[in-house]
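Input: a single structure, listed below in structure tokens.
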Amino acid sequence: MGITSKILGQRGVKQAKDAGIDPARVPPGQYLTSKFPVLTYGRVPPADLASWTLSVDGAVANPFSIDWEEFLALEQRTQTVDIHCVTRWSKLDTTWNGVPIRTLLDRAGVRPEGTHVMAHCDGGYTTNMPIEVLDDDDVMVAHAYDGKPLEPDHGYPVRLLVPKRYFWKSAKFLRRLQVMTADQQGFWELNGYHNDADPFKEERTWF
Ligand SMILES: Nc1nc2c(c(=O)[nH]1)N[C@H]1C(S)=C(S)[C@@H](COP(=O)(O)O)O[C@H]1N2
Ligand SMILES: [Mo]
């Protein structure tokens, strides 16, 4: 852990203690914020629900593509989770509505050789993760935050939500999940961010 992390890590822990929150919820080097900072590379892509589709393809038995109505007709869930950005802010108890990832993965039927996933977004952003990171209880494709549709800046109409990883893995403007038979790196992973991105292991960058 670097010196910056030591200082900032203490800040987050102190904030948690002062607020009566379990400091173990704050990963090393993070501070707590009640704001919701925006981090988008490039412009927010325009969204058109009439032509929008979400696809799951690649190493799956039943590749599919669903439109907005079909997406909303799937099993929905509400969950409250902590999120952690590599730029050092963490936000506790954020509440999201969306479709559990397992509903989508079960429908697609991931084949045994499917080991990794690339998330593709409107605007060209990508991010990768092992299938077992995606295939988790708390991962969802979210369309609402705090009971309201996602704001354009935060990924409207849908974003991936992967709470156990730094927030760059939570792809905004999500359009496609490509199941792959080997790992490939996404946008920030190619540009120096850590492939695994576990905030509690402080996997920020690979250099
Ligand atoms: N499509 C897309 N998704 C993205 C990004 C992006 O630039 N484009 N930025 C990532 C990064 S680096 C972070 S920290 C979070 C920020 O999400 P927020 O703007 O809702 O806080 O989105 C992630 N998902
Ligand atoms: Mo980020």
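Read the numbers this way: they start at 1 and go in the same order the structure lists the ligands and their atoms.
- Residue pairs that meet the ring pair (Phe, Tyr, Trp, His ring centres under 6.0 Å) test with at least one member in residues 37-61, sequence neighbours left out, are Y41-F187, Y41-W188, W52-W68, W52-F71.
- Listed by chain and number, F36, P37, V38, L39, T40, Y41, C85, W89, C121, Y125, D153, H154, R159, F167, W168, S170, A171, K172, F173, W188 each place a non-hydrogen atom less than 4.0 angstrom from ligand 1.
- A salt bridge is absent between R77 and E75; no separation between the charged side-chain nitrogens and carboxylate oxygens falls under 4.0 Å.
- Defined by atom type and a distance below 3.5 Å, a donor-acceptor pair is missing between the side-chain atoms of E189 and H194.
- Taking the six-membered ring for Trp, Y193 and W206 have ring centres at least 6.0 Å apart.
- Between D137 and R102, at least one side-chain nitrogen of the basic residue sits less than 4.0 Å from a carboxylate oxygen of the acidic one, meeting the salt-bridge criterion.
- The side-chain tip of R159 does not point at the ring of F173 from less than 6.0 angstrom away and within 45° of straight on.
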